[in-house]
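Just below is one structure, and these are the notes that go with it.
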Amino acid sequence: MSSRSSTVQRLGRSFFARHTLYVARGLIGANLVRIVDGERLSGVVVETEAYRGRRDPASHAYPGVTKRNEVMFGEPGHAYVYFIYGFHYCLNFTTEPSRSAGAVLIRALEPREGLGSMMKNRGTRETTEVASGPAKLTQALRIDLSLNGTDVVKSKELFLEKGTRPSRVLRTTRVGVTKGKSLKWRFLVEGSSFVSKGRPALPESITTSGAA
DNA sequence: GCAAAGATCGGCT
DNA sequence: GCCGATCTTTGCA
């Protein structure tokens, strides 16, 4: 309530202009902030997935530049929002230098500020149901295609603040993809009850055996 | 021009 | 555990 934004450091361009896997891991623990009608809605990122370019068959950027995915090839630090399954929006942040495709999908948040509004947006009273999935959090934060391409380094309505990285971050395979299944490009906070539960996660192997 | 799959969620069996 | 809702993008004719 009294934490002053002047003391909080925002994630800058250089944070995003790196290898997508580093950004995906680095975003765990950051505070995602969305301003709606002057109110701060926010949550700590507890789950992410990395999507790369031409060599990642699960990525939207795999076929090359199209109208839908062009943001992924642009300047790092922009929001890439897409519509999926006729119902849902998903939020990503672009990575890698310009021309090189990459994005990190935000899969789950631990709610922080504006919980009442987020619950209302979601139609639930369970805190663990507010943002425990990629399409759930966009609904909670009222994110849609109008925010596609937003520069989150400069934006006043959607941005990221530096947080504390949790001590235990697990690395597993991505959820919901049919290609590139063996790649362990999903990161999540160990033991968090705010991560997505869309699929029965395989035993969260901390070992790297079998990593492709 | 048409068909099929898709980085999901929620409800029902 | 399975299925339906609903629409954008892509691939192929």
Side-chain angles (χ1 to χ4, degrees), chain A residues 16 19-21 23-25 27-28 32 43 45-74 76 78-96 100-111 118-150 152 158 170-189 193-202 204 212:
Chain A
F16 297 98
H19 191 292
T20 307
L21 289 173
V23 179
R25 175 124 200 256
L27 281 173
I28 300 288
L32 174 60
V45 178
V46 293
E47 180 179 346
T48 61
E49 279 177 3
Y51 287 88
R52 304 194 64 202
R54 307 300 287 264
R55 285 197 234 97
D56 176 4
S59 173
H60 286 174
Y62 184 63
V65 186
T66 65
K67 184 165 186 185
R68 178 217 219 179
N69 69 20
E70 62 185 358
V71 177
M72 284 184 75
F73 291 83
H78 288 244
Y80 167 47
V81 181
Y82 64 86
F83 190 56
I84 189 77
Y85 297 127
F87 277 87
H88 306 298
Y89 298 102
C90 292
L91 172 68
N92 303 251
F93 296 114
T94 58
T95 61
E96 312 269 348
S100 182
V104 174
L105 172 68
I106 307 300
R107 287 194 54 90
L109 302 174
E110 177 174 338
M118 293 194 284
M119 283 178 164
K120 198 173 163 190
N121 293 340
R122 284 274 301 129
T124 180
R125 301 188 63 175
E126 298 291 326
T127 43
T128 54
E129 282 299 314
V130 168
S132 54
K136 293 179 183 176
L137 69 91
T138 55
Q139 191 181 18
L141 298 178
R142 285 218 237 153
I143 288 167
D144 61 23
L145 289 182
S146 68
L147 288 166
N148 187 41
T150 299
V152 298
L158 181 67
L170 297 182
R171 178 178 174 174
T172 73
T173 55
R174 293 178 290 186
V175 173
V177 299
T178 57
K179 301 165 206 153
K181 278 182 171 176
S182 60
L183 301 170
K184 293 188 174 177
W185 287 0
R186 174 189 183 216
F187 299 88
L188 63 147
V189 176
S193 49
F194 297 94
V195 299
S196 72
K197 309 162 188 73
R199 306 282 180 293
L202 293 171
E204 310 288 340

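Protein chains get the first letters and strands the later ones, always in sequence-line order, with residue 1 at the start of each.
Here the nucleotide nearest the side chain of Thr178(A), chosen from dG6(B), dA7(B), dT9(C), is dG6(B). In this structure, of dT8(B), dA5(C), dT9(C), it is dA5(C) that holds the atom nearest to the side chain of Phe87(A). Nearest nucleotide to the side chain of Met72(A), out of dG6(B), dG10(B), dA7(B): dA7(B). Taking the side chain of Phe83(A) as heavy atoms from C-beta on, and the options dC7(C), dT8(B), dA7(B), the nearest nucleotide is dC7(C). In the set dA7(B), dT9(C), dG10(B), the nucleotide with an atom closest to the side chain of Lys136(A) is dG10(B). The listed nucleotides are dT8(C), dC9(B), dA7(B); the one nearest the side chain of Ala135(A) is dC9(B).
The nearest whole Å value for the distance from the CD1 atom in Ile106(A) to the C1' atom in dA7(B) is 12 Å. Straight-line distance from the CG atom of Leu145(A) to the P atom of dT8(C): 9 Å, rounded to whole Å. Rounded to an integer number of Å, the gap from CG of Asn148(A) to P of dT9(C) is 10 Å. If you take CZ of Arg107(A) and P of dC9(B), they are 7 Å apart, rounded to a whole angstrom. Whole-Å rounding puts the His88(A) NE2 to dA7(B) C1' distance at 12 Å. A straight line from CD1 of Ile84(A) to C1' of dT10(C) spans 12 Å, rounded to a whole angstrom. The interatomic distance linking His60(A) (NE2) with dG6(B) (C1') rounds to 7 Å, in whole Å. Between Asp144(A) atom CG and dC7(C) atom P there is a gap of 15 Å when expressed in whole angstrom units.
In terms of position on DNA chain B, the residue among Arg122(A) and Lys179(A) whose nearest nucleotide sits closer to the 5' end is Lys179(A).
Between Phe16(A) and Phe93(A), the ring planes lie tilted relative to each other; the angle falls in the 30° to 60° range.
Arg186(A) places no side-chain N or O within donor-acceptor distance of the main-chain N or O of Glu49(A), the cut-off being under 3.5 Å. In this structure, the side chain of Thr94(A) engages the main chain of His78(A) through a donor-acceptor pair within 3.5 Å. In this structure a side-chain-to-backbone donor-acceptor pair under 3.5 Å is missing from Asn121(A) to Arg142(A). Under a 3.5 Å cut-off, the side chain of Glu96(A) and the backbone N or O of Thr20(A) do form a donor-acceptor pair.
Helical stems in DNA chain C, defined as runs of 3 or more consecutive Watson-Crick or G-U wobble pairs with both donor-acceptor distances under 3.5 Å, are listed by first residue as B:1-6 with C:7-12, B:8-12 with C:1-5.
Contacts of Arg174(A) with the nucleic acid, taken as non-hydrogen atoms under 4.0 Å apart, are absent.
Between Thr66(A) and the phosphate of dT10(C), there is a side-chain N or O to OP1/OP2 separation shorter than 4.0 Å.
With P as the reference atom, dA5(B) and dC3(C) are 15 Å apart, rounded to whole Å. Straight-line distance between the P atoms of dG1(C) and dA7(B): roughly 22 Å, to the nearest whole Å.
Residue side chain Tyr51(A) meets the stacking definition with respect to dA7(B): its ring centre sits within less than 5.5 angstrom of the base's six-membered ring centre, and the planes differ by less than 30 degrees.
At a cut-off of 3.5 angstrom, the base of dA5(C) holds no donor-acceptor pair with the side chain of Tyr85(A).
There is a side-chain donor-acceptor pair under 3.5 Å between Arg107(A) and Ser196(A).
A cation-pi geometry, defined here as NZ or CZ lying under 6.0 Å from the six-membered ring centre and within 45° of its normal, does not hold between Arg68(A) and Phe83(A).
Applying the ring-ring contact (aromatic ring centres under 6.0 Å, His included) criterion to His19(A), with sequence neighbours excluded, gives Tyr22(A).
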